[in-house]
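Letters A, B, ... are given to chains in the order of the sequence lines, protein chains preceding strands, and every chain is numbered from 1. Predicted model, so just to flag it, every value in this text is computed and none were measured.
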Amino acid sequence: MPLVLYNSLSRQKEPFQPLEPGHVRMYVCGVTVYDECHIGHARSAIAFDVLYRYLQYRGFRVTYVRNFTDVDDKILQRAQKENVPWNELARRYMEAFHRDMDALGIRRPTLEPCATQHIPEMIQAIQALMDRGLAYAVDGNVYFSVSRFSDYGKLSGRDRDQMLAGARVEVDPHKQDPLDFALWKRSREGEPSWESPWGPGRPGWHIECSAMSQKYLGTTFDIHGGGLDLIFPHHENEIAQAEGATGKPFARFWVHNGPLTREGVKMSKSLGNVLSIQEALGRYHPEELRLFMLLGHYRKPLDFTDRGMAEVRSALDRLYTTLKRMDQLIQACPPTDESSEMEGPRVGPGRGVLEKVRAFPERFQQAMDDDLNTAQALGYLFDLNRVLNQWLDHSTFSSAEENIALLRRARRCYRLCGEVLGTPAADPEAFYRQKEERLLASLGLTREEIQRLIDRRSSARRRKDWEEADRIREDLHRRGIQLQDTPEGTLWKVRTDLNGV
RNA sequence: GGCGGCAUAGCCAAGGGGUAAGGCAGCGGUCUGCAAAACCGCUAUUCCCCGGUUCGAAUCCGGGUGCCGCCUCCA
């Protein structure tokens, strides 16, 4: 079964095969580095990170390019406002971007080219358009002539009349046609500029993506991605530039992720409801954010809510609680002989687990093959999680070698998700420790103090002084710690119903 | 106005012609000194409404209604 992806160009799902067998070439529009990134960027980044990881899992070599727009009106404006050099501002937010992406567990693309490093390529591309009569220069500016490119509108599904009827087309006296867009902008005083056949200036926004993607991935490449809101005009213009200049198809598959709203409304600076990735990471574990994004389909609109995040927190905790339980059992047993053919119990309650474990990789792949249905893939994991707990709870469960062997095998299903989806990816001990660190710091509690209280409570319990024991438990609960009495002693963890991490 | 998308339990959400995954929340039970965790059971005869096709539709078609995105910088 092939991987099927929804192609915005054809508006339907299509079986995906790269042009060169075994090698996928993919380009995703990155960010303009003029401000902190928000959770909308995170959604997009996570969606394409999963595509990148899954293609690799499917055995493809992937050349993944994601650009940085490091020269642009917004950067210039902001730099002026802050009175810092524009390239310094760009560098600052580039670093912030990497910091955020790394924190979210997003794998670095193969290449991350910057616009300013590719001015010659862009000039060359513009020249090609001039040569073909698809562009014209006016007063140091160069524009793309939309009316001379007959395929214009094929991605966004618009035609010329509709676009004009939209009426909100910018007025620029230099343009021959209001629909034309800038390929090269003449620099004003104090702005960065590069020499060009049309005079000193800087590139228009769209040209960098078609120039850089084609430089690194070829005239025609496999996947071009980005947010849904980039379809028009950005991606439409990229197609016009690229196909206009080469006469050949540009990207074969266009993949777009859906929009993210916050508490039902679009995030916008004027509303002041933009949640930066930094702020989000202050409140939620990176894997909570990831799981939240992946519990829905990447193309569907998604509403980021506190309530939704609280639900996901509980859900992720459920997985890690089971994982911890499994790991403890596995670690308590000597490593089994890898060559043993033993795969688990064929009778009793373990049989159901064996069946689910066996079926898991195929089911997972079948879900992911269907246009990255991460929600369904995770559904299978939660389903497995339940039968696993069921088995571990069963009175007949023992640490028999064959049981541990099955547990090891089940563990690999979680690892598969961790590898491809990025969650649950952590070692359970590390996961809880990480969550603890932050809460403990914010509450001024230390591990030692918690342990001291637990010890005090344990002796109270031995005395059957339930009042004292409950008092200590309630006190810790109020301070964010949840106790759990087990036959092996009292465990504690950070309460999952808390708002902060 | 144009283009596109979405409507599935209290909430989130997958599915998509053959009789409704999964998560969260709630209630009842098992376990526990009591809790917690986990497990079991219950919670959509029904998938926005109205028509049609079909042996059969939540799934297909037509028509409504509602919400959202894009058409200006935007992931």
Side-chain angles (χ1 to χ4, degrees), chain A residues 8 11 28-32 34-35 37-48 72-74 77 153 156-159 161-170 205 225-234 236 256-261 264-269 291-292 295-297 299-303 305 307-319 321-322 324-325 363 367 370 373-395 461 464-467 469-470 473-474 477 482-487 490-493 495-496:
Chain A
S8 303
R11 292 184 185 75
V28 174
C29 290
V31 294
T32 301
Y34 75 107
D35 203 351
C37 284
H38 55 69
I39 51 176
H41 297 105
R43 180 183 195 191
S44 185
I46 289 169
F48 288 103
D72 159 277
D73 290 343
K74 289 191 295 268
Q77 263 172 33
S156 55
R158 288 150 214 265
D159 64 43
D161 296 340
Q162 287 166 9
M163 287 185 277
L164 283 172
R168 283 197 289 174
V169 183
E170 88 184 74
W205 173 37
L228 206 71
D229 47 1
L230 290 179
I231 288 180
F232 190 87
H234 186 52
E236 194 68 71
H256 293 100
N257 64 277
L260 184 83
T261 50
V265 292
K266 182 179 165 159
M267 285 192 291
S268 80
K269 297 215 164 125
L291 188 63
F292 179 82
L295 242 18
H297 189 89
R299 279 193 290 114
K300 273 200 165 185
L302 183 62
D303 191 27
T305 62
R307 180 176 173 161
M309 283 306 299
E311 290 181 0
V312 161
R313 169 164 296 167
S314 298
L316 185 63
D317 188 68
R318 181 181 179 75
L319 294 178
T321 300
T322 304
K324 192 171 170 183
R325 194 176 181 187
R363 288 186 169 164
D370 183 15
N373 195 337
T374 53
Q376 187 168 72
L378 284 163
Y380 292 136
L381 185 70
F382 279 103
D383 190 40
L384 172 66
N385 196 79
R386 192 191 57 251
V387 296
L388 224 31
N389 276 130
Q390 219 169 318
W391 181 44
L392 295 175
D393 268 4
H394 200 92
S395 56
R461 290 183 73 214
K464 298 209 190 298
D465 182 354
W466 309 125
E467 218 169 284
D470 291 351
R473 184 173 61 196
E474 272 153 35
H477 187 265
Q482 179 69 60
L483 295 189
Q484 191 179 337
D485 295 325
T486 75
T490 300
L491 305 176
W492 63 272
K493 72 179 180 187
R495 270 169 59 190
T496 51

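Taking a pair to require two hydrogen-bonding distances under 3.5 Å in either a Watson-Crick or a G-U wobble arrangement, B:rG10 pairs with B:rC24. Pair assignment for B:rA44: none, as no Watson-Crick or G-U wobble contacts are both less than 3.5 Å. Nucleotide B:rC34: unpaired (no Watson-Crick or G-U wobble partner with both distances less than 3.5 Å). In this structure, B:rC60 and B:rG52 make a Watson-Crick or G-U wobble pair, each of the two defining distances being under 3.5 angstrom. B:rG17 is unpaired under the Watson-Crick or G-U wobble criterion, no partner having all donor-acceptor distances under 3.5 Å. With a cut-off of 3.5 Å on both pairing distances, the Watson-Crick or G-U wobble partner of B:rC67 is B:rG5. Shown here, B:rC39 forms a base pair with B:rG29; the pair counts as Watson-Crick or G-U wobble because both key distances fall under 3.5 Å.
In terms of polar N and O atoms assigned as donor or acceptor, the side chain of A:Glu311 comes within less than 3.5 Å of the base of B:rG23 in a complementary pairing.
Picking from B:rC6, B:rG23, B:rG22 the nucleotide with the shortest atom distance to the side chain of A:Ala315 gives B:rG23. In the set B:rG69, B:rG22, B:rA14, the nucleotide with an atom closest to the side chain of A:Lys300 is B:rA14. For A:Arg307, counting side-chain heavy atoms from C-beta on, the closest listed nucleotide (B:rG22, B:rG10, B:rC40) is B:rG10. When the nucleotides B:rC70, B:rA14, B:rA75 are ranked by their closest atom to the side chain of A:Asn257, B:rA75 comes out on top. The side chain of A:Ala375 has B:rA13 as its nearest neighbour among B:rA75, B:rA25, B:rA13.
Listed here is the closest heavy atom pair of A:Gly264 and A:Asp303: N-OD1, 2.6 Å. For the pair A:Cys37 and A:Val31, the tightest heavy-atom approach, listed with the atom from each and the gap, is SG-CG1, 4.1 Å. Here the shortest heavy-atom pairing between A:Phe232 and A:Ser156 reads CD1-OG, 3.5 Å.
For the P atom pair drawn from B:rU30 and B:rA35, the interatomic distance equals 11 Å after rounding to whole Å. Atom name P, nucleotides B:rG41 and B:rC24: the rounded distance is 15 Å, in whole Å. Separating the C1' atom of B:rG15 from that of B:rC31 is a span of 36 Å, rounded to the nearest Å. Across the P atoms, B:rG4 and B:rG64 are found 15 Å apart, a figure rounded to whole Å. B:rG69 sits 23 Å from B:rC11 when the C1' atoms are compared, rounded to a whole Å. Atom name P, nucleotides B:rC55 and B:rC42: the rounded distance is 35 Å, in whole Å. Remark: the separation of the C1' atoms in B:rU19 and B:rU45 is 10 Å, to the nearest Å. Comparing the P positions of B:rA25 and B:rC12 gives a spacing of 15 Å, expressed to the nearest Å.
Base contact: A:Leu260 has a heavy atom under 4.0 Å from a base atom. Among the heavy atoms of the strands lying under 4.0 Å from A:Asn373 are primed sugar atoms or P, OP1, OP2 only; no base atom is included. Heavy atoms of A:His234 sit nowhere under 4.0 angstrom from any nucleic acid atom. Note on A:Gly379: a base of the nucleic acid sits closer than 4.0 angstrom, heavy atoms only. Using a 4.0 Å heavy-atom criterion, one finds that A:Gly226 contacts the sugar-phosphate atoms exclusively. At the heavy-atom level, A:Gly30 lies under 4.0 Å from the strands shown only through sugar-phosphate atoms.
A donor-acceptor contact shorter than 3.5 Å links the side chain of A:Glu236 to the backbone of A:Gly153. Checked by atom type and distance alone, the side chain of A:Gln376 never pairs as donor or acceptor with a backbone atom of A:Ala367 at under 3.5 Å. Without hydrogens or angle criteria, A:Arg43 side chain to A:Gly258 main chain gives a donor-acceptor distance under 3.5 Å.
For the pair A:His297 NE2 and B:rA7 P, the computed distance is 12 Å after rounding to whole Å. In this entry the distance linking CG of A:Leu295 with P of B:rC11 reads 17 Å, nearest Å. Atom C1' of nucleotide B:rC68 and atom CZ of A:Arg299 are separated by 16 Å, given to the nearest angstrom. One can place CZ of A:Phe232 at 14 Å from C1' of B:rG4, the figure rounded to the nearest angstrom. Distance A:Phe48 CZ to B:rA75 C1': 9 Å, rounded to the nearest Å. Protein atom CZ of A:Arg158 is 11 Å distant from nucleotide atom P of B:rC70, rounded to whole Å. Following rounding to the nearest Å, A:Leu381 (CG) and B:rG23 (P) show an atom-to-atom distance of 10 Å. Rounding to whole angstrom units, CD of residue A:Gln376 and C1' of B:rA20 are separated by 13 Å.
In terms of phosphate contacts, A:Arg386 brings no side-chain nitrogen or oxygen within less than 4.0 Å of OP1 or OP2 of B:rA38. Considering only side-chain N and O atoms, A:Lys269 lies nowhere under 4.0 angstrom from the phosphate OP1 or OP2 of B:rC73.
With the nearest nucleotide of RNA chain B identified for both A:Gly308 and A:Leu378, A:Gly308 has the one nearer the 5' end.
In the model, A:Thr322 has a side-chain atom that pairs as donor or acceptor with a side-chain atom of A:Asn385 under 3.5 Å.
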Q. Step by step, would you call A:Thr321 with A:Asn389 a side chain to side chain contact (heavy atoms under 4.5 Å, CB included)?
A. CA-CA 10 Å; A:Thr321 300; A:Asn389 276 130; over 6 Å; no

Q | A:Arg307/A:Glu311 under side chain to side chain contact (heavy atoms under 4.5 Å, CB included): CA gap, chis, key distance, verdict | A | CA-CA 6 Å; A:Arg307 180 176 173 161; A:Glu311 290 181 0; 3.4 Å; yes

**Q.** Nucleotide-resolved protein contact map, nucleotides 26-37 of chain B, B/S/- at heavy-atom distance under 4.0 Å
**A.** -------BBBBS

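Distance check: A:Lys324 NZ to A:Asp317 CG gives 9.5 Å after rounding to the nearest 0.5 Å. Taking CG of A:Asp485 as the reference point, atom CZ of A:Arg473 lies at 6.5 Å (rounded to 0.5 Å).
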